[in-house]
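We're numbering straight along the sequence, starting at 1.
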Amino acid sequence: VELLEKKGHTAIAAQSRLENRESIIKEVVIHKPDFIINAAGITGRPNVDWCETHKDATMRANLWGPLNLASISDEYGIHFTNISTGCIYRYDNNHPIYSGIGFTEEDPPNFTGSFYSKCKVRLEEFITEYPNVLNLRLRMPISDTLTERAFIGKVVKYKRLMNIPNSMAVIDDELPAILALTLKKCTGIYNLVNPGTISHDEIMSLYKEYIDPDHIYELVSEEEIMQVLKAPRSNCELDTSKLLNEYPEIPHIKKS
């Protein structure tokens, strides 16, 4: 909202729940927006394992809700940007870990191990059938504050971590890109992450160097972590070529 207003646009925060069609239509008729951006969704607390036992709430927020907005946007001729997830892939033989070969927007998702990811895969299948939709694949967002809803603020609470390189998204880099792609009325799927990968250990090493030198954590295998999780996790690298063609300003994840 702040970035849009700095650019001279009027940004209105919707008051409706995204699954309430009649309420949304009333707001659309009143405000007549040129664009709708959906940043709503649910990952659960303390993490996506919550979705395994709250499937209806997960579907309402992450599947039916965005599809509802896409349908309304299409009906009223409004460009619709949906901020979704890139946690729908897992390293495989064609995209090996440490290879630098990322999953592109054309690669079919290969990870539905968690109910959260399963919903997002199904959403992407249907939402991209609408010609006015821009679907952005964000993953592992990093904030410049230690909010518990962003990556660093979340993992700093864990004493045992996997050390797997992943594509991640620095929010201060991605927000301007979201607005740029929206205002250009781009459509289709874009991987919305910083180029390259970074591991949990690399980030926590920086955390110890710059924030808390006394922070203690232990690196363990994925098999050990799975003993305390309800669902597997997505670990992958996403290709950013398509994003950088439209918005080349996003720096490498390690630099950012």
Less than 4.5 Å apart, side chain to side chain, heavy atoms only: is that true for [X] and [Y]?
X    : Y    : answer
P33  : I78  : yes
V156 : H215 : yes
E125 : V121 : yes
R139 : C236 : yes
T85  : Y116 : yes
H9   : L179 : no
T58  : E52  : no
I72  : F80  : no

If hydrophobic clusters are built from ILVMFWY residues whose side chains come within less than 4.5 Å, do [X] and [Y] share one?
X    : Y    : result
V48  : M59  : no
L69  : I37  : no
L175 : I36  : no
L134 : L3   : yes
F151 : L146 : yes

Within a reach of under 6.0 Å around [atom1] of [X], are more than 12 heavy atoms found that belong to other residues, nucleotides or ligands?
X    : atom1 : result
K208 : NZ    : yes
K184 : NZ    : yes
K255 : NZ    : no
E249 : CD    : yes

What distance do [X] atom [atom1] and [Y] atom [atom2] have between them, rounded to the nearest 0.5 Å?
X    : Y    : atom1 : atom2 : value
M204 : D212 : CE    : CG    : 10.0 Å
I178 : Y190 : CD1   : OH    : 13.5 Å
I142 : S256 : CD1   : OG    : 7.5 Å
I42  : W50  : CD1   : CH2   : 3.5 Å
K159 : I216 : NZ    : CD1   : 7.0 Å
L63  : F126 : CG    : CZ    : 8.0 Å

If we ignore angles and hydrogens, is there a donor and acceptor under 3.5 Å between the side chains of [X] and [Y]?
X    : Y    : answer
N132 : S73  : no
T145 : T147 : no
D201 : S199 : no
R21  : N68  : yes
S71  : D74  : no
T182 : T81  : yes

Which atom pair, heavy atoms only, marks the closest approach of [X] to [Y]?
X    : Y    : answer
N194 : P251 : ND2-O, 3.0 Å
L183 : F35  : CD2-CE1, 3.8 Å
G196 : I253 : C-CG2, 3.7 Å
V193 : R137 : CG1-O, 4.0 Å
L244 : I250 : CD2-O, 4.0 Å
T197 : P165 : OG1-CB, 3.6 Å

Checking side chain to side chain contact (heavy atoms under 4.5 Å, CB included) between N135 and each of N82, I83, L192, N38, which is the one that passes?
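Passing option: N82.
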
State yes or no: are the ring centers of F115 and H54 separated by less than 6.0 Å?
no

Run the ring-centre check on Y89 versus H95 and record whether the distance is less than 6.0 Å.
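No, ring centres 6.0 Å or more apart.
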
Walk me through whether N191 and L243 qualify under side-chain contact (heavy atoms from CB on, under 4.5 Å).
CA-CA 7 Å; N191 293 332; L243 174 66; 5.8 Å; no

Return yes if some donor-acceptor pair links the side-chain N/O of [X] with the main-chain N/O of [Y] below 3.5 Å, else return no.
X    : Y    : result
K242 : I189 : yes
Q15  : A13  : yes
S117 : F111 : no
E174 : L138 : no
N110 : R90  : yes

Checking S84 against E124 for the side-chain contact (heavy atoms from CB on, under 4.5 Å) test, could you report, in this order, the C-alpha distance in whole Å, the side-chain angles of both residues, the deciding distance, and whether it holds?
CA-CA 9 Å; S84 190; E124 193 169 278; 5.5 Å; no

For a side-chain contact (heavy atoms from CB on, under 4.5 Å) check, start with the C-alpha distance between Y217 and S205, then their side-chain angles and the critical distance, and finish with the verdict.
CA-CA 10 Å; Y217 63 96; S205 295; 3.6 Å; yes

After noting the C-alpha distance and the side-chain angles of M168 and I198, does the key distance pass the side-chain contact (heavy atoms from CB on, under 4.5 Å) rule?
CA-CA 7 Å; M168 302 190 190; I198 194 166; 3.8 Å; yes

